[in-house]
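The figures that follow rest on heavy atoms only: side chains count, while hydrogens, waters and symmetry mates do not. The sequence lines fix the lettering, A, B, ..., with proteins before strands; numbering per chain opens at 1.
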2 protein chains.
Amino acid sequence: MSADPSARRGIPDATVARLPEYLRALTGLAERGITSVSSEELASAAGVRSAKLRKDLSHLGSYGVRGVGYEVDHLAYQISRELGLTQDWAVAIIGMGNLGHALAAYSGFATRGFRVVALLDQDAGLLGQEIAGLTVQPMTALDELVAEQGLAIGVIATPAASAQAVCDQLVAAGVRSILNFAPCVLAVPDDVDVRKVDLSTELQILAFHEQRKALAAEGSLGGLDGNLDGSLGPVPKAVNR
Amino acid sequence: MSADPSARRGIPDATVARLPEYLRALTGLAERGITSVSSEELASAAGVRSAKLRKDLSHLGSYGVRGVGYEVDHLAYQISRELGLTQDWAVAIIGMGNLGHALAAYSGFATRGFRVVALLDQDAGLLGQEIAGLTVQPMTALDELVAEQGLAIGVIATPAASAQAVCDQLVAAGVRSILNFAPCVLAVPDDVDVRKVDLSTELQILAFHEQRKALAAEGSLGGLDGNLDGSLGPVPKAVNR
DNA sequence: TAGATTGTTAATCGATTAACAATC
DNA sequence: TAGATTGTTAATCGATTAACAATC
């Protein structure tokens, strides 16, 4: 009802998911020396419609100036603050296989706001090994990491078979935010947040649409639309063009 | 209106995004020798409500038996077919840094339905190097890969700065499905599909919720809710518990 | 038949969009 | 003031959910 910041209480999930993209776009503008931006320009940089951008920003407060636009630095700061990036979050990566190894070295994890404080593995063979400047530790180090480093986010990069056990240990140690790269569903208490990144799921979604396109192209070879007659159409003989 | 398979024409995006999880759950059941499953059981394995599962499956057709449930193998096959996994899709990974290297070796990419046929890099220094059984090729190999191997899906694992150029080359070569790991928005024609996997975005979304929890915990120390009086509340002095 | 479970309906909820009054 | 652009409204669209008739 009001536009005041207490409306912050409930920012829609869909909006929260887009804030990082807005922040990235603003950072890019700032680097190019641009100090002011309209919703139209910022939306275009972030790949959304301007109406959606303005609606999203309206959930944070009223940080623009009518007739002028948004001050780049100020808006970036407000979004950072809303996302909780004005502090550093301690992150641990668990599972030092190919993926965990790459994540440890990946710069995406060194973004402002996050600090990788530990690399863990269940395999005794990897312990003590040095990766990206950190020494691989056993899972038993978790309690101490939470108590002394304020570990808040766990990244699971283990095989699916061990992911739930690792997750249980994270939760037992007090970690309440988990990023799961293992291809499986994790069971957690209500107060724990899990986000999942799943490569094969993404590929499968792409495959669905790619198949659609291939079938549509096939159909259009014989006319406007192979199914204008209302039939069920041919058995979809998928092709690799 | 009708339940016939021609309703396949428009499967909601939200449903498509969940099909891979259902398929994974069914594969798991099949491996354990289970041949029949109810919507309640399958939903629980996939981490959704049974009503949502039944609604999702109703978009594919009528593959269950009232009073009995679903035949595991049959349903798995129907979902596979719908997702386009009954054929093999040729995949190329572009950018052989840490992440690309890990993706090349990652088993998630070797899922049934996909075949990594090429690893590409712009850096001449990496060319010829062998990774996971494949030789790193230059970007100029793209046209041939599309023509001769039916390359359909490109995975961009380059730094953000080169992602758009790589994307343009993929599109020019005829690739219409792209999985983007670079932290940037890609501009593509309407007929090209881009899905994005962004590690730092995921972390930032987790940070948002983690901050919420920390503030809620702090607030509840002093009573039921620090803002019952309708004030704007204290300046959120974020803490690392 | 009696019991079980699907597939569908209808209500609810949340997200998107276009339009425009407010206002710099 | 005139021009520009925000923040908000209201309409639309799509997704979720619970309930239940259909039916094995």
note = In whole angstroms, the gap separating C1' of D:dT9 from NZ of A:K55 amounts to 8 Å

query = Separation of B:L75 atom CG from C:dT6 atom P, in whole Å?
reply = 11 Å

key: Rounded distance in Å - NE2 (B:H59) to P (C:dT6)   = 17 Å

key: Residues from residues 38-50 of chain A lying under 4.0 Å of DNA chain D - heavy atoms   = A:S38, A:S39

inquiry  = Rounded to whole Å, please give me the gap between CD1 in A:I11 and P in C:dG14.
reply    = 15 Å

query = Counting distance only, does the side-chain N/O of B:S162 pair as donor-acceptor with the main-chain N or O of B:T158 below 3.5 Å?
reply = no

note = Smallest heavy-atom separation, B:I178 atom then B:C167 atom, equals CD1-SG, 3.8 Å

message = Show me the pairs that pass salt bridge (charged side-chain N to carboxylate O under 4.0 Å, His left out) and involve residues 32-44 of chain A, at least two apart or across chains.
response = none

Provide a list of protein-nucleic acid N or O atom pairs under 3.5 angstrom, restricted to nucleotides 19-23 of chain D.
from, atom 1, to, atom 2, distance (Å)
D:dA22, N3, B:R66, NH1, 2.9

ask   = Roughly, in whole Å, what's the span from CG in B:L57 to P in C:dT5?
value = 16 Å

ask   = Hey, does A:L206 have a side-chain heavy atom less than 4.5 Å from the side chain of B:W89?
value = no

inquiry  = For A:R195 and A:S177, which I'm curious about, is there any donor-acceptor pair between the side chains at under 3.5 Å?
reply    = no

query = Rounded to the Å, how far apart are B:D56 CG and C:dG7 P?
reply = 12 Å

key: B:K213/A:D193 ion pair, N-O < 4.0 Å   = yes

Within residues 12-28 of chain B, residues whose heavy atoms come under 4.0 Å of DNA chain D = B:P12, B:D13, B:A14, B:R18

key: Worked check of salt bridge (charged side-chain N to carboxylate O under 4.0 Å, His left out) between A:R24 and B:D198   = CA-CA 12 Å; A:R24 178 138 54 216; B:D198 192 323; 2.3 Å; yes

Main-chain N/O of A:A187 paired to A:Q164 side chain as donor or acceptor, under 3.5 Å = yes

request  = For A:R54, enumerate each residue passing the salt bridge (Lys or Arg N to Asp or Glu O under 4.0 Å) test, keeping only those at least two apart in sequence or located in another chain.
outcome  = none

ask   = Is any side-chain heavy atom of A:Q204 closer than 4.5 Å to a side-chain heavy atom of B:L23?
value = yes

task = Grab the two heavy atoms, one from B:R176 and one from A:E210, that are nearest each other, plus how far apart they are.
result = NH2-OE2, 3.8 Å

ask   = Going by heavy atoms in the side chains, are B:I11 and A:F208 under 4.5 Å from each other?
value = yes

remark   = For A:Y106 and B:F181, the nearest pair of non-hydrogen atoms, with its separation, is OH-O, 3.3 Å

ask   = CG of B:L53 versus P of C:dT6: gap in Å, rounded?
value = 8 Å

Between C:dG7 (P) and B:Y63 (OH): distance, integer Å = 11 Å

task = Would you write the dot-bracket representation of DNA chain D, where each base gets (, ), [, ], | or . depending on whether it forms a Watson-Crick or G-U pair under 3.5 Å and with which partner?
result = ..||||||||||||||||||||||

